[in-house]
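Here the structure is a predicted model, which is why all the values come from computation and not from measurement.
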Amino acid sequence: MSSSPLKIVVFLGTVKEGRLGLRVAKFIMQQLTKSGHDAVLFDPVEKKLPLLEKASFFYREGEEKPAVLVEMETQVRDADGYVVVSGEYNHCIPPALTNMMDHFGGSCYAYKPSAIVCYSPGIYGGMRAAMQLRAFLGELGCLSVSNIFGIPRVHQALAEDGSPVDSHMESGAEKLIKDLDWHAHAMRNHRLSVGKPN
């Protein structure tokens with residue numbers, strides 16, 4: 001893994017009672033930290049953003065913006081990459097996830113990579129939502145890396161504190177993080193050397 005730490009925002013996409021996604025987010029946060037990266041978790045239960053009535057970029061100059069929105073926007077803009085942790089709601093992307101990410105404009109995400117971590121209590125591991133996330137993340141400007149880390153039967157794969165039940169969880173996460181690491185460094189280096197397109 002690279003010796004140069006990356007700033008990574010981890011988006012968790014679930015709010016429902018008894019959610020399994022929190023253990024996945026804890027696991028990914030642990031793996032990112034272990035890899036030497038500076039990761040921050042955006043949990044919609046803790047952030048409590050309202051339904052999207054006014055995105056961050058709709059506030060005019062001089063208009064007071066909620067402090068939580070200012071802080072989150074700064075972290076999204078300063079990030080080198082993103083990890084999206086998503087289950088499936090009706091075989092689709094959870095609405096809490098798109099609601100949270102859509103509060104920030106594409107310029108915050110542009111020319112940075114993302115990684116998809118999907119899960120479900122069943123055998124498909126959230127892959128139907130992951131396929132939709134590819135398009136969603138591409139439109140935001142943070143193309144997802146080719147590797148997807150899918151976790152079927154997530155309640156059997158991870159304990160509540162995020163600790164893995166078997167070793168394939170750590171090897172799968174390591175592969176994903178290496179992929180994200182390579183793309184994030186390549187994109188960061190290019191942004192610093194030539195800037196972004198006008």
Original post:
Under 3.5 Å, side chain of K7 to main-chain N/O of V76, donor-acceptor pair present?
Top reply: no

Subject >> salt_bridge(D43, R19) N-O dist < 4.0 Å >> reply: yes

Original post:
Between CG of L176 and NZ of K178, what distance do you get to the nearest 0.5 Å?
Top reply: 12.0 Å

Original post:
In the single-linkage hydrophobic clustering (I, L, V, M, F, W, Y; side-chain heavy atoms under 4.5 Å), do V10 and L140 co-cluster?
Top reply: no

Subject >> Pair Y82-Y109, ring pair (Phe, Tyr, Trp, His ring centres under 6.0 Å): steps then yes or no >> reply: CA-CA 9 Å; Y82 312 96; Y109 300 100; 5.2 Å; yes

Subject >> Heavy-atom check, side chain of L97 versus side chain of F11, under 4.5 Å >> reply: yes

**OP:** Please name the pair of heavy atoms, one in L158 and one in R23, separated by the smallest distance, quoted to 0.1 Å.
**Re:** O-NH1, 2.8 Å

**OP:** Answer yes or no: does atom OH of Y89 have more than 12 heavy-atom neighbours from other residues, nucleotides or ligands under 6.0 Å?
**Re:** yes

Original post:
Is there a side-chain contact (heavy atoms from CB on, under 4.5 Å) between S86 and V117 once you walk through the steps?
Top reply: CA-CA 6 Å; S86 178; V117 180; over 6 Å; no

**OP:** Determine yes or no for a side-chain-to-main-chain donor-acceptor pair under 3.5 angstrom, with D179 supplying the side chain and V145 the backbone.
**Re:** no

Subject >> Pairwise distance CD(Q75) to CD1(I8) - rounded to 0.5 angstrom >> reply: 12.5 Å

Original post:
Is there a side-chain contact between V85 and Y119 (heavy atoms, below 4.5 Å)?
Top reply: yes

Original post:
Does the side-chain contact (heavy atoms from CB on, under 4.5 Å) test come out yes or no for F149 and V24, once each step is laid out?
Top reply: CA-CA 11 Å; F149 186 28; V24 181; over 6 Å; no

Original post:
Do I28 and L180 belong together in a cluster built from hydrophobic side chains that touch within less than 4.5 Å?
Top reply: yes

Original post:
In this structure, are over 12 heavy atoms from other groups packed under 6.0 Å from N90 atom CG?
Top reply: no

**OP:** Taking the side chain as every heavy atom from C-beta outward, state whether P152 and Y124 have any pair of such atoms under 4.5 Å apart.
**Re:** no

**OP:** Taking atom types as modelled, find out whether S120 and R153 have a side-chain donor-acceptor pair closer than 3.5 angstrom.
**Re:** no

Original post:
Is it true that E170 and K34 have a side-chain N and a carboxylate O under 4.0 angstrom from each other?
Top reply: yes

Original post:
Out of curiosity, does L69 fall in the hydrophobic cluster containing V40 (side-chain heavy atoms, cut-off under 4.5 Å, transitive links)?
Top reply: yes

Subject >> Heavy-atom closest contact (N99 atom, P50 atom, distance) >> reply: ND2-O, 3.1 Å

Original post:
What is the minimum heavy-atom distance between C118 and G126, and which atoms define it?
Top reply: CB-O, 3.6 Å

**OP:** Classify the ring geometry between H185 and H37 as parallel (under 30°), tilted (30 to 60°) or perpendicular (over 60°).
**Re:** tilted

Original post:
Between CZ of R134 and OG of S114, what distance do you get to the nearest 0.5 Å?
Top reply: 8.5 Å

**OP:** Search all heavy atoms of L22 against all heavy atoms of L12 and return the closest pair with its distance.
**Re:** CD1-CD2, 3.9 Å

Original post:
Taking the six-membered ring of F58, is NZ or CZ of R60 closer than 6.0 Å to its centre and within 45° of its axis?
Top reply: no

Original post:
According to a 4.5 Å side-chain heavy-atom criterion applied to Ile, Leu, Val, Met, Phe, Trp and Tyr, with indirect links allowed, do M29 and M169 form part of one hydrophobic cluster?
Top reply: yes

**OP:** Inspect the contact between R188 and D80 and indicate whether a charged nitrogen and a carboxylate oxygen are less than 4.0 angstrom apart.
**Re:** yes

Original post:
Sub-3.5 Å donor-acceptor pair from the side chain of E46 to the main-chain atoms of F42, do we have one?
Top reply: no

Original post:
Should we say atom NZ of K196 is surrounded by more than 12 heavy atoms from elsewhere, each under 6.0 Å from it?
Top reply: yes

**OP:** Go through the steps for M100 and M72 under the test side-chain contact (heavy atoms from CB on, under 4.5 Å), then give the verdict.
**Re:** CA-CA 10 Å; M100 182 165 52; M72 290 176 72; 4.0 Å; yes

Original post:
Between the side chain of S56 and the main-chain N/O of E73, is any donor-acceptor distance below 3.5 Å?
Top reply: no

Subject >> Atom CG of L192 with >12 non-hydrogen neighbours under 6.0 angstrom >> reply: yes

Subject >> K54 with E63: basic N within carboxylate O range, under 4.0 Å >> reply: yes

Original post:
Does a sphere of radius 6.0 Å around NZ in K47 hold more than 12 heavy atoms from other residues, nucleotides or ligands, not counting ones at 6.0 Å or beyond?
Top reply: yes

**OP:** Return the minimal non-hydrogen interatomic distance between P5 and G36, and the atom names on each side.
**Re:** CB-O, 3.2 Å

Subject >> I177 side chain reached by L32 side chain, heavy atoms, under 4.5 Å >> reply: yes

Subject >> Gap separating the CD atom of E88 from the CG atom of L133, nearest 0.5 angstrom >> reply: 10.0 Å

Original post:
In Å and rounded to the nearest 0.5 Å, what is the SG to CE distance from C108 to M101?
Top reply: 10.5 Å

Subject >> Point-to-point distance, once rounded to the nearest 0.5 Å, from CZ of F136 to SG of C142 >> reply: 8.0 Å

Original post:
At their closest point, which heavy atom of A96 faces which heavy atom of V15, and how far apart are they?
Top reply: CB-CG1, 3.7 Å

Subject >> Sub-4.5 Å side-chain heavy-atom contact between I116 and V83 >> reply: no

Subject >> Within 6.0 angstrom of H155 NE2, more than 12 heavy atoms from elsewhere >> reply: yes

Original post:
More than 12 heavy atoms of other residues, nucleotides or ligands under 6.0 Å from NZ of K175: is that the case?
Top reply: no

